[in-house]
Amino acid sequence: ILMGFPIPISSGAIGWEIQQANGASMTNQGVELNLGYRKYEGDFHYEVSGNLSTLKNEITKIGVSDIPVTTNISKTEVGRSMGELYGWVFEGIFQSTDEINTSAPGTAGYDPNKHAFQHAQTRPGDCIFKDINGRDENNNLTGQPDGQIDDDDKTFLGVVFPKVSYGLNLSADYKGFDLSLFFQGIAGNKVYNDLYRVMNTLSEGNYSIESYENYWREETEDYPARLSTEWPRPTVNDNNGNNRVSDRWIQNGSYLRLQNVMLGYTLPANILGKVGINNLRIYVQGQNLFAISELVNYDPDFINDGLFNRGYAGGSFPSPRTFLIGVKLGL
């Protein structure tokens, strides 16, 4: 794996320069299948073909000491797959001050001595994050709650490599008419949808309709209470860290897309021969007609860095839907 390594100033480098080097190793295992079937029945001919591949990615070595590589949304360590999504686990919304005060000390662990998020600034309507890990007197992780929410409570939230990638081709022709369809898709991967996070931060700026119509709201003279268990209160400061990297923003990356459809007609040769034309075919074609996906994004097949942040969906420019009309003429 080609990685960027910072070179410290003490080495004589000017600033923190980045040097590309072979810094890690991995294995990819899976199965690839290709199947096809075709048949002629008089003037009617049809063909069906498909491909399917599975993939399991595993990191086997990182540098000299196997120190994990972390980014804002992922963690890569030996024995797991590259760029696995990594963050906190969302457990709901605080509905009252009593609920905050009776939860674990520093609830949901916002202890100013351990983390920037302070318990004193947590309010009803803020997010609850799961306390999953603490440390013993020797500073070793115990795997047990400790009443604090800090970086030790981050956990792996999903594999970004599709378990299955597949494609399907269907074609048929009959007395000059021809039709072809191509479907393509992936399944079994998770995506950190940062575009979805930006649209739903409930801070300054625009919100999505989904969060605007459902955010947590206490009762006022003008509005009734809306005690959401999914969307926190609007806040500019976000002292509770409601919008931190968590499974709130992780979605299923599976999709099925109709990549191409083409319908054509080839005029009979006996007619064309009378006007000195060898062949003439007229066709209409549609590309990227639809995609079935749970991912709330411009395009489920988004651009990423292909390495440690390959599960990051930041709203890359979508694939266009295209309609074509064509004529193929042979003289």
Side-chain angles (χ1 to χ4, degrees), residues 32-38 44-55 160-200 206 208-210 249 251-269 271-272 277-307 309-331:
E32 295 184 356
L33 298 174
N34 287 278
L35 298 173
Y37 178 79
R38 62 176 64 91
F44 181 63
H45 165 235
Y46 66 92
E47 182 174 345
V48 179
S49 63
N51 62 80
L52 180 147
S53 63
T54 66
L55 175 63
V160 299
F161 287 92
K163 293 181 180 178
V164 177
S165 302
Y166 58 90
L168 177 65
N169 284 284
L170 305 173
S171 62
D173 59 79
Y174 178 74
K175 291 187 175 180
F177 288 95
D178 62 89
L179 174 67
S180 64
L181 299 92
F182 171 51
F183 295 88
Q184 175 264 333
I186 60 175
N189 64 307
K190 296 295 184 180
V191 170
Y192 181 81
N193 194 343
D194 196 55
L195 175 64
Y196 186 67
R197 182 194 64 81
V198 170
M199 292 191 301
N200 295 292
N206 293 323
S208 72
I209 294 175
E210 180 182 11
W249 316 120
Q251 298 176 346
N252 184 359
S254 304
Y255 70 86
L256 169 65
R257 165 171 281 158
L258 179 55
Q259 288 277 20
N260 190 71
V261 176
M262 182 180 293
L263 175 64
Y265 178 68
T266 301
L267 275 68
I271 297 178
L272 296 175
I277 298 176
N278 290 331
N279 58 75
L280 177 63
R281 179 174 178 267
I282 303 171
Y283 66 90
V284 292
Q285 182 179 9
Q287 298 174 347
N288 187 29
L289 296 186
F290 69 82
I292 300 173
S293 174
E294 298 178 6
L295 187 66
V296 184
N297 207 300
Y298 297 133
D299 194 334
D301 189 15
F302 53 87
I303 298 173
N304 57 64
D305 73 354
L307 199 62
N309 283 320
R310 65 178 297 119
Y312 176 84
S316 59
F317 195 82
S319 301
R321 180 177 294 118
T322 306
F323 297 93
L324 304 170
I325 299 175
V327 176
K328 184 177 181 180
L329 177 65
L331 300 176

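Below, each value reflects all heavy atoms present in this structure, side chains not excepted, and no hydrogens, waters or symmetry copies.
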Inset, instruction - Check the pair Asn279 / Ile277 against side-chain contact (heavy atoms from CB on, under 4.5 Å), numbers first and verdict last. - result: CA-CA 6 Å; Asn279 58 75; Ile277 298 176; 5.8 Å; no
Legend entry - Contacts of Asp301 that satisfy salt bridge (charged side-chain N to carboxylate O under 4.0 Å, His left out) - sequence neighbours left out: none
Inset, instruction - Please check if atom CD1 in Ile209 has more than 12 non-hydrogen atoms from other residues, nucleotides or ligands closer than 6.0 Å. - result: no
Inset, instruction - Please report the closest heavy-atom contact between Ile186 and Ser165, naming both atoms and the distance. - result: CG2-OG, 3.6 Å
Inset, instruction - Would you please name every residue forming a side chain to side chain contact (heavy atoms under 4.5 Å, CB included) with Phe317, sequence neighbours left out? - result: none
Inset, instruction - Identify, with sequence neighbours excluded, every residue that meets side chain to side chain donor-acceptor pair (under 3.5 Å) alongside Asp305. - result: none
Legend entry - Set of side chain to side chain contact (heavy atoms under 4.5 Å, CB included) partners for Phe44, sequence neighbours left out: Tyr46, Ala172, Tyr174
Legend entry - All pairs passing salt bridge (Lys or Arg N to Asp or Glu O under 4.0 Å) where residues 184-196 contributes a residue, at least two apart: Asp194-Arg197
Legend entry - Note, Asn278 side chain near Leu329 side chain (heavy atom, < 4.5 Å): no
Legend entry - Leu55 vs Lys163 side-chain heavy atoms within contact, under 4.5 Å: no
Inset, instruction - Taking atom types as modelled, find out whether Asn193 and Asn297 have a side-chain donor-acceptor pair closer than 3.5 angstrom. - result: yes
Legend entry - Side-chain donor-acceptor pair present, Glu294, Tyr255, cut-off under 3.5 Å: no
Inset, instruction - Report the distance from atom CG of Leu258 to atom CG of Leu181, rounding to the nearest 0.5 Å. - result: 6.0 Å
Pairs under 3.5 angstrom only: tabulate donor-acceptor contacts from the side chains of residues 320-328 to other protein residues two or more places apart or in another chain.
from   : atom 1 : to     : atom 2 : distance (Å)
Arg321 : NE     : Asn288 : O      : 3.4
Arg321 : NE     : Leu289 : O      : 3.0
Arg321 : NH2    : Leu289 : O      : 3.2

Legend entry - Thr54 side chain vs Val164 backbone, donor-acceptor pair below 3.5 Å: no
Inset, instruction - With sequence neighbours excluded, tell me which residues meet side chain to side chain contact (heavy atoms under 4.5 Å, CB included) with Asn200. - result: Tyr196, Ser208, Ser211, Trp231, Trp249
Legend entry - Residues in side chain to side chain donor-acceptor pair (under 3.5 Å) contact with Tyr166, at least two apart in sequence or another chain: none
Inset, instruction - Enter the distance from Leu267:CG to Ile282:CD1 here, rounded to the nearest 0.5 Å. - result: 5.5 Å
Legend entry - Residues that Asp299 engages under salt bridge (charged side-chain N to carboxylate O under 4.0 Å, His left out), provided they are two or more places apart: Arg257
Legend entry - Neighbour count above 12 (heavy atom, 6.0 Å) for Asn34 CG: yes
Legend entry - Min side-chain heavy-atom separation Val261-Leu263 under 4.5 Å: no
Legend entry - Listed partners of Glu210 passing salt bridge (charged side-chain N to carboxylate O under 4.0 Å, His left out), at least two apart: none
Inset, instruction - Would you confirm whether Ser49, through its side chain, and Gly36, through its main-chain N or O, come within 3.5 Å as a donor-acceptor pair? - result: no
Legend entry - Atom pair CZ (Phe182) and CD (Gln287), whose distance is rounded to the nearest 0.5 Å: 11.5 Å
Inset, instruction - Kindly indicate whether the side chain of Asn189, heavy atoms from C-beta on, has any atom under 4.5 Å from the side chain of Ser254. - result: yes
Inset, instruction - Only counting residues at least two apart or in another chain, list the ones meeting side chain to side chain contact (heavy atoms under 4.5 Å, CB included) with Tyr283. - result: Met262, Arg281, Gln285
Inset, instruction - Enter the distance from Asn252:CG to Ser293:OG here, rounded to the nearest 0.5 Å. - result: 7.0 Å
Legend entry - Spacing of Ser171 atom OG and Asp178 atom CG [to the nearest 0.5 Å]: 9.0 Å
Inset, instruction - Report yes if some heavy atom in the side chain of Leu195 is under 4.5 Å from a heavy atom in the side chain of Tyr298; otherwise report no. - result: yes
Inset, instruction - Under the ring pair (Phe, Tyr, Trp, His ring centres under 6.0 Å) rule, collect the residues that match up with Tyr265, sequence neighbours excluded. - result: Phe177
Legend entry - Approximate separation, where rounding is to 0.5 Å, of Leu256 CG and Phe290 CZ: 6.0 Å
